[in-house]
Structure formats: structure tokens, C-alpha cells
Amino acid sequence: MFGVLGILILSAILFAWELKPLMKQGSKRDLWAFSVMMAIATGLMIAEVLGVNIPNPNEGLAVIFSPIGEWLKVE
């Protein structure tokens, strides 16, 4: 519980720190991109602290490309 609270506090501090320069620039795309990536990162950190099994992206790539590798295998 304290881990989740700590992550939320730290994420809020980092978000507030980066928000001011982004608002000064006036670029809404950068602000949206930063907000979405920050939300994804915060969600992944909370899931990690709570012990949720987060899949490795390399496993998905192996599932996709292993048949191709077998097909191209030369003996």
C-alpha cells in the first residue's frame, strides 16, 4: 500500500515539474504525449509493486518470429 502511495506521489511531483515548461511552450501534442506516457509508466510501476505478472515483450516477438526462423532454417 505504501509503495503504491509513494509511486503516486512521485509521479504527481514529476508531472507537475514537467507540466510548467510544456504549458509555456504551448504545444498540446507534447503535453498529450507526455501525459499518456506518464500514465502508462505509472500504471506499470503500480502493477509491478502489486506483484502483477507483466509479460516480457520479447516473448511475444519470439512467438511471431519463431515459425519464420524454422521455415528459413537450413541444414
Side-chain angles (χ1 to χ4, degrees):
M1 183 64 174
F2 291 113
V4 173
L5 185 62
I7 289 171
L8 290 174
I9 290 171
L10 185 61
S11 294
I13 290 170
L14 289 173
F15 186 78
W17 179 313
E18 291 293 330
L19 185 65
K20 190 174 181 179
L22 287 173
M23 294 291 279
K24 277 186 182 178
Q25 290 176 356
S27 57
K28 290 186 179 185
R29 276 189 195 170
D30 291 343
L31 183 60
W32 273 103
F34 175 72
S35 299
V36 168
M37 287 189 279
M38 189 70 171
I40 291 170
T42 302
L44 285 173
M45 287 189 295
I46 290 172
E48 184 71 29
V49 167
L50 293 176
V52 176
N53 187 16
I54 300 171
N56 185 352
N58 287 335
E59 293 171 3
L61 291 173
V63 168
I64 293 170
F65 290 113
S66 62
I68 296 171
E70 292 295 322
W71 182 66
L72 294 174
K73 192 175 187 180
V74 177
E75 291 184 26

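Here the CD atom belonging to Glu18 is positioned 11.0 Å from the CG atom belonging to Leu31, to the nearest 0.5 angstrom. If you take CG on Asn53 and CD on Glu48, they are separated by 9.0 Å, rounding to the nearest 0.5 Å.
Here the shortest heavy-atom pairing between Ser11 and Met45 reads OG-CE, 3.9 Å. When all heavy atoms are compared, the tightest approach of Val4 to Val49 is N-CG1, 4.2 Å. When every heavy atom of Ala47 is checked against every heavy atom of Ile54, the shortest pair comes out as CB-CD1, 4.1 Å. Residues Met38 and Phe15 come closest through the heavy atom pair CE-N, 4.0 Å.
Side-chain contact between Val52 and Ile46 is absent, with no heavy-atom pair separated by less than 4.5 Å.
When the side chains of ILVMFWY residues are joined at heavy-atom separations under 4.5 Å, either directly or via intervening members, Leu10 and Leu19 end up in a single hydrophobic cluster. At a threshold of 4.5 Å between side-chain heavy atoms, the hydrophobic network of Ile, Leu, Val, Met, Phe, Trp and Tyr places Ile7 and Leu50 in one connected group. Connection of Leu14 to Leu22 is established within a shared hydrophobic cluster, with ILVMFWY side chains joined at heavy-atom distances below 4.5 Å, either directly or through further cluster members.
Cluster partners of Ile9 are Leu5, Ile13, counting Ile, Leu, Val, Met, Phe, Trp and Tyr whose side-chain heavy atoms approach within less than 4.5 Å, directly or via other members.
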